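First up is the structure itself, then whatever we jot down about it.
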Amino acid sequence: MKLNESFGYIINRTARNMKKSLDAEIKRFDITTSQWSILKLLSEQDELTQVEIAEKLSSDKATTGSVIDKLANKKLVYREQCESDKRAYRICMSPYGIELVDRLSYEAVKCNKKALEGFNENEVQQLVEYLHRIDNNLNKEAK
């Protein structure tokens with residue numbers, strides 16, 4: 001099998017191209033795709049701990065903490081001490097962070113539309129289902 005016929009190679013290259021495309025669109029907002037993923041997650045499930053964010057994004061805690069620090073320095077999120085565990089902090093979105101997510105969501109949708117150009121709705125649903133199945137297969141193996 002040639003390299004460009006390898007499923008792993010194709011999906012990895014596609015993921016890099018998606019990231020590069022979105023990076024180009026959100027760069028003017030001084031946001032990276034790593035920062036965007038945390039902001040988007042918090043817009044859907046506000047007040048998560050750093051550990052919860054790392055788990056939900058399949059990232060390590062140290063990297064997640066570094067990205068959260070950058071978001072806090074930009075006043076997009078803030079930390080609030082957990083009442084149940086004084087050692088833990090919940091990460092909350094600031095009003096500016098909430099406003100920025102709305103603008104960035106538009107750019108993300110635009111990037112997805114560009115990537116899925118030529119696909120009909122049924123094909124998109126199938127593709128998403130297939131990608132989830134592949135991810136689940138690999139997650140089972142990793143555990």
Side-chain angles (χ1 to χ4, degrees), residues 3-4 6-143:
L3 180 62
N4 66 351
S6 165
F7 177 73
Y9 174 78
I10 295 167
I11 202 161
N12 189 23
R13 186 181 68 200
T14 302
R16 279 195 323 268
N17 285 332
M18 286 285 299
K19 183 183 180 317
K20 194 177 355 176
S21 180
L22 184 56
D23 272 333
E25 294 300 324
I26 65 176
K27 184 179 184 180
R28 63 191 155 107
F29 296 98
D30 190 31
I31 293 291
T32 65
T33 51
S34 297
Q35 293 168 358
W36 163 239
S37 63
I38 290 176
L39 288 174
K40 184 62 176 166
L41 177 63
L42 288 171
S43 77
E44 296 169 357
Q45 301 176 33
D46 198 16
E47 298 187 9
L48 297 170
T49 65
Q50 178 177 322
V51 171
E52 291 169 330
I53 292 169
E55 287 171 357
K56 290 178 183 294
L57 295 177
S58 300
S59 183
D60 64 89
K61 291 177 241 172
T63 301
T64 300
S66 174
V67 175
I68 290 169
D69 287 343
K70 289 175 183 162
L71 290 170
N73 288 339
K74 294 177 182 183
K75 308 284 190 236
L76 296 169
V77 301
Y78 60 93
R79 290 176 171 88
E80 197 171 81
Q81 194 168 41
C82 291
E83 298 206 8
S84 60
D85 182 355
K86 297 296 181 192
R87 298 167 298 163
Y89 289 88
R90 296 232 172 258
I91 312 303
C92 307
M93 291 191 60
S94 71
Y96 176 56
I98 293 167
E99 177 189 320
L100 187 60
V101 165
D102 289 339
R103 290 195 265 155
L104 293 172
S105 292
Y106 172 78
E107 300 301 333
V109 167
K110 196 166 73 172
C111 182
N112 284 337
K113 282 183 179 180
K114 178 180 170 185
L116 295 169
E117 201 171 290
F119 287 81
N120 66 41
E121 192 175 319
N122 209 25
E123 290 171 323
V124 171
Q125 287 175 341
Q126 282 184 314
L127 177 60
V128 169
E129 180 186 326
Y130 296 153
L131 291 171
H132 280 297
R133 282 181 20 201
I134 292 165
D135 189 45
N136 288 335
N137 290 342
L138 295 171
N139 277 332
K140 279 188 265 180
E141 182 181 293
K143 291 180 180 176

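Here the structure is a predicted model, which means the values were calculated and not measured. The figures that follow rest on heavy atoms only: side chains count, while hydrogens, waters and symmetry mates do not.
- Evaluation of the side chain to side chain donor-acceptor pair (under 3.5 Å) test over residues 34-43, restricted to residues two or more places apart or in two chains, returns Q35-K74.
- Here E52 pairs with R90 under the salt bridge (Lys or Arg N to Asp or Glu O under 4.0 Å) rule; sequence neighbours left out.
- Applying the side chain to side chain donor-acceptor pair (under 3.5 Å) criterion to R133, with sequence neighbours excluded, gives E129.
- Residues satisfying the side chain to side chain contact (heavy atoms under 4.5 Å, CB included) criterion with E55, sequence neighbours excluded, are V51.
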For a quick test of your reading: what N or O donor-acceptor pairs under 3.5 Å do the side chains of residues 118-127 make, sequence neighbours left out?
| unit_1 | atom_1 | unit_2 | atom_2 | d |
| --- | --- | --- | --- | --- |
| N120 | OD1 | N122 | N | 3.0 |
| N120 | OD1 | E123 | N | 2.7 |
| E123 | OE1 | N120 | N | 2.8 |

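- A distance of 9.0 Å separates CD1 of I10 from CG of L3, quoted to the nearest 0.5 Å.
- Remark: T64 engages I38, Q50, I53, A54, S59, I68 in a side chain to side chain contact (heavy atoms under 4.5 Å, CB included) (not counting sequence neighbours).
- Contacts of A115 classified as side chain to side chain contact (heavy atoms under 4.5 Å, CB included), with partners at least two apart in sequence or in another chain: M18.
- Judged by distance alone, with hydrogens and angles left aside, the side-chain atoms of S105 form a donor-acceptor pair with the main-chain N or O of V101 at under 3.5 Å.
- Atom CD of E117 sits in a sparse spot, with 12 or fewer heavy atoms from other residues, nucleotides or ligands closer than 6.0 Å.
- Taking CG of L41 as the start and CE of M93 as the end, the distance is 10.0 Å to the nearest 0.5 Å.
- Legend: salt bridge (Lys or Arg N to Asp or Glu O under 4.0 Å) pairs involving residues 100-112, not counting sequence neighbours, sorted by first then second residue: E25-K110, R28-E107, E99-R103, E107-K110.
- Evaluation of the side chain to side chain donor-acceptor pair (under 3.5 Å) rule for K27 yields no partner, not counting sequence neighbours.
- Here the shortest heavy-atom pairing between G8 and I11 reads O-CG2, 3.4 Å.
- Atom CG of N139 sits about 4.5 Å away from atom CG of D135, to the nearest 0.5 Å.
- Put simply, the residue from I26, D30, L76, L71 that forms a side chain to side chain contact (heavy atoms under 4.5 Å, CB included) with L100 is L76.
- In this structure, N17 CG and L22 CG are separated by 12.5 Å, a value rounded to the nearest 0.5 Å.
- Shown here is F29, whose CZ atom has more than 12 heavy atoms of other residues, nucleotides or ligands within 6.0 Å.
- Legend: residues meeting side chain to side chain donor-acceptor pair (under 3.5 Å) with D69, ordered by chain and number and at least two apart, are R79.
- In Q81, the CD atom is crowded: over 12 heavy atoms of neighbouring residues, nucleotides or ligands sit closer than 6.0 Å.
- Residues satisfying the side chain to side chain contact (heavy atoms under 4.5 Å, CB included) test with K75, not counting sequence neighbours, are none.
- With sequence neighbours left out, the side chain to side chain donor-acceptor pair (under 3.5 Å) criterion links R13 to no other residue.
- A distance of 12.0 Å separates CG in L104 from SG in C111, rounded to the nearest 0.5 Å.
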